[in-house]
Amino acid sequence: MGRIGFLNVLPIYHPLEAGILPHDYEIVAGPPAILNNMMARGELHVSSCSCFEYGARPERYYLIDDLSIGSHGSVMSVLLLSRRPVEELDGETILISGETHTSVALLKLLMLDRYRLNVRFETGPVTPALRGTTPPTAFLAIGDEALRLRSHPDYPFRVDLADAWRDWTGLPFIFGLWVVSRQAAEAGLFTPENDPGVLMRAGRDWGLRHMDVILDLTGHGCPLNRDELITYYSKGLTYSLGTEEQRGLMLFYEKLAGHGMIPRVPELAFFSAR
């Protein structure tokens, strides 16, 4: 079972990792792009997955029902940080993290269709570049790195990508999904007794009911104080995949397909262990 190595999934995975909810899965942590590649190679059977990966290769996966990582507004951990206002970035190069596919695709859509800007993208590690002799004019940061860099004094202009999407479309943005390998499912690896969807939704529900435990765990070495963490988990993030979240997800896929970033708009095919 793949686990994104970010704070935002702690409410889901802590009860699994701490043995509060018993299971037979080995949990492997890593950045989204690495987990995507491991799923593609068959090294994982269940994983958190970028929604871009599902859109690009839906034939490989089933979705876990009613589980996602997304936002109805400011997500706080997917940020474009810039030395100048975003409207003045035409012709500039934006440094992007190689750890994310979805956030990069969202940024490209925003630049093309919302801000109408012609920008270039350069992939590389963000934090070392900021310490270099020629730091970037603007950069995309995700996850814990974004939380740490969000108030960088040299980059006073900040665009929260989920907030920008909401302002643009009126819909939530879904960054990550949980998927089951179709190959593993067809090989009979899953039964109703070890249904990964049931387990992970139970983990999510436990984590959200015991938020004080999650806050205590998150507080060690976190760049956010406790009040900011409460806002982050309760207002910044959504862990469901209901009707409105699915509408936002499908609109994202329609825009990606319209620009040729994915082959076609995928159907949402959900896993069942029965």
Side-chain angles (χ1 to χ4, degrees), residues 4 6 30-37 40 49-57 70-71 74-169 171 173-176 248-249 251-265:
I4 301 172
F6 295 155
I34 297 296
L35 297 183
N36 291 347
N37 291 336
C49 167
S50 70
C51 71
F52 183 88
E53 170 66 14
Y54 180 83
R57 285 167 278 274
S71 179
S74 298
V75 71
M76 299 172 64
S77 55
V78 182
L79 303 174
L80 175 67
L81 296 169
S82 177
R83 295 178 182 273
R84 301 204 300 272
V86 64
E87 295 80 8
E88 298 178 12
L89 291 179
D90 196 58
E92 295 289 345
T93 297
I94 298 175
L95 179 64
I96 55 176
S97 169
E99 293 186 351
T100 172
H101 296 150
T102 298
S103 300
V104 168
L106 174 57
L107 178 60
K108 289 179 178 179
L109 288 178
L110 289 169
M111 291 293 119
L112 286 167
D113 292 346
R114 187 185 181 200
Y115 299 114
R116 306 287 181 178
L117 297 176
N118 180 24
V119 298
R120 296 180 294 275
F121 296 96
E122 179 180 324
T123 302
V126 169
T127 298
L130 302 185
R131 304 191 187 110
T133 55
T134 56
T137 302
F139 64 88
L140 172 67
I142 67 164
D144 299 358
E145 186 174 56
L147 297 176
R148 190 174 64 252
L149 296 174
R150 67 195 183 100
S151 298
H152 196 295
D154 295 338
Y155 294 86
F157 299 98
R158 181 171 65 194
V159 175
D160 185 302
L161 266 61
D163 202 23
W165 170 267
R166 181 80 185 195
D167 288 346
W168 183 27
T169 67
L171 292 169
F173 189 81
I174 302 303
F175 289 95
L249 180 61
L251 180 60
F252 180 56
Y253 287 147
E254 289 167 12
K255 290 182 179 295
L256 290 178
H259 281 286
M261 296 184 192
I262 59 174
R264 65 191 65 84
V265 179

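Side-chain atoms are counted along with the backbone in the values below, which use heavy atoms only and exclude waters and symmetry mates.
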*asked:* Quick check for you: to the nearest 0.5 Å, what is the distance between L95 atom CG and L81 atom CG?
replied: 11.0 Å
*Does D144 reach the main-chain N or O of F6 with its side chain, forming a donor-acceptor pair under 3.5 Å?*
no
_Short side-chain to backbone donor-acceptor contact, T102 and F52, under 3.5 Å_ = yes
*Could you grab the distance from atom CG of N36 to atom CZ of R57, nearest 0.5 Å is fine?*
7.5 Å
*Could you tell me how the ring of Y253 sits relative to the ring of Y54: parallel (under 30°), tilted (30 to 60°) or perpendicular (over 60°)?*
tilted
*Taking all non-hydrogen atoms of both residues into account, name the closest pair between D160 and M76 and its distance.*
OD2-N, 2.7 Å
_Heavy-atom pair of closest approach, residues L89 and S82_ = CD2-OG, 3.5 Å
_L161 and L140, any side-chain heavy atoms less than 4.5 Å apart_ = yes
*Reported NE2-to-SG distance for the pair H101 and C51, which is rounded to 0.5 angstrom*: 12.0 Å
_Assess the residue pair S74 and R166 against the criterion (side-chain contact (heavy atoms from CB on, under 4.5 Å)); give the C-alpha distance rounded to whole Å, side-chain angles, the decisive distance to 0.1 Å, and a yes or no._
CA-CA 9 Å; S74 298; R166 181 80 185 195; over 6 Å; no
_To the closest 0.5 Å, what do you measure between CD1 (I94) and CZ (R120)?_
10.0 Å
_Smallest separation among heavy atoms of P153 and P156, with atom names_ = O-CD, 4.2 Å
*With sequence neighbours excluded, residues passing side-chain hydrogen bond (donor to acceptor under 3.5 Å, both in side chains) with R264*: none
_Taking every non-hydrogen atom, the tightest pair across F157 and R84_ = CD1-C, 3.3 Å
*Got a second to check how far L117's CG is from E88's CD, nearest 0.5 Å?*
10.5 Å
*For A146 and A141, work out which heavy atoms get closest and say how close.*
CB-O, 3.4 Å
*With side chains defined as the heavy atoms from C-beta onward, is the minimum distance between V265 and L256 less than 4.5 Å?*
no
Can you give each donor-acceptor pair under 3.5 Å made by side-chain atoms of residues 129-138, sequence neighbours left out, with the distance rounded to 0.1 Å?
residue: T137; atom: OG1; partner: E92; partner atom: OE1; Å: 3.4

_With rounding to the nearest 0.5 angstrom, report the CG to CG distance, D90 to N118._
5.5 Å
Identify each donor-acceptor pair in which a side-chain atom of residues 104-115 lies under 3.5 Å from a protein atom, sequence neighbours left out, and give them as a table.
residue: D113; atom: OD1; partner: H259; partner atom: NE2; Å: 3.1
residue: D113; atom: OD2; partner: H259; partner atom: NE2; Å: 2.8
residue: R114; atom: NH1; partner: A164; partner atom: O; Å: 3.4

*asked:* With ring pair (Phe, Tyr, Trp, His ring centres under 6.0 Å) as the test, pick out the partner of F252 among W168, F173, F175.
replied: F173
